[in-house]
Amino acid sequence: MGGQVDGPADLVGFTVDLTSQEMLRRAQVMAALGPDWDPVDVLRSEEEAYDLLYSGLDAEQQRTYDALVAAGVLPVRGGGRAAA
């Protein structure tokens, strides 16, 4: 039967080097972010957003938050309580 592979001896090895494409992708990402991108500021802003998200919880929401923290789903914030 034509086109049938009989065993490993019939296989042809090849490699693909994606190094240049990966470097191009990274350069394009950095160019898209622009020269004013500050990763530390981005992380700080993200933390502030999470603090705001978990602030002002009512009793039921706080219990849910505490259960998620205890389960390891959410990190502990504000000394074990959601931010006030």
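Computation of the quantities below employed the complete heavy-atom set of this structure, encompassing side-chain atoms and omitting hydrogens, waters and symmetry-equivalent molecules.
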Inset, instruction - Look at the side-chain heavy atoms of Ile, Leu, Val, Met, Phe, Trp and Tyr, link any pair under 4.5 Å apart, and say whether V16 and M23 land in one connected group. - result: no
Legend entry - Given D66, V69, T64, the one that forms side chain to side chain contact (heavy atoms under 4.5 Å, CB included) with L74: V69
Inset, instruction - Compare every heavy atom of L57 with every heavy atom of Y65, then report the nearest pair and how far apart it is. - result: CB-CD1, 3.9 Å
Inset, instruction - Share the residues that join V42 in a hydrophobic cluster, the rule being Ile, Leu, Val, Met, Phe, Trp or Tyr side chains under 4.5 Å apart at the heavy-atom level. - result: V29, M30, L33, W37
Legend entry - Pair R63-E60, salt bridge (charged side-chain N to carboxylate O under 4.0 Å, His left out): steps then yes or no: CA-CA 5 Å; R63 281 191 300 276; E60 182 180 347; 5.1 Å; no
Inset, instruction - State, with a plain yes or no, whether a side-chain heavy atom of L53 is found less than 4.5 Å away from one of Y50. - result: yes
Inset, instruction - Working to the nearest 0.5 Å, report the span between CZ of R25 and OG of S20. - result: 13.0 Å
Legend entry - Test item: side-chain donor near acceptor, D58 and Q62, under 3.5 Å: no
Inset, instruction - Please round to the nearest 0.5 Å and tell me the distance separating atom CG of L24 and atom OG1 of T19. - result: 12.5 Å
Inset, instruction - Please list, chain by chain and in numerical order, all residues satisfying salt bridge (charged side-chain N to carboxylate O under 4.0 Å, His left out) with R44, sequence neighbours excluded. - result: D41
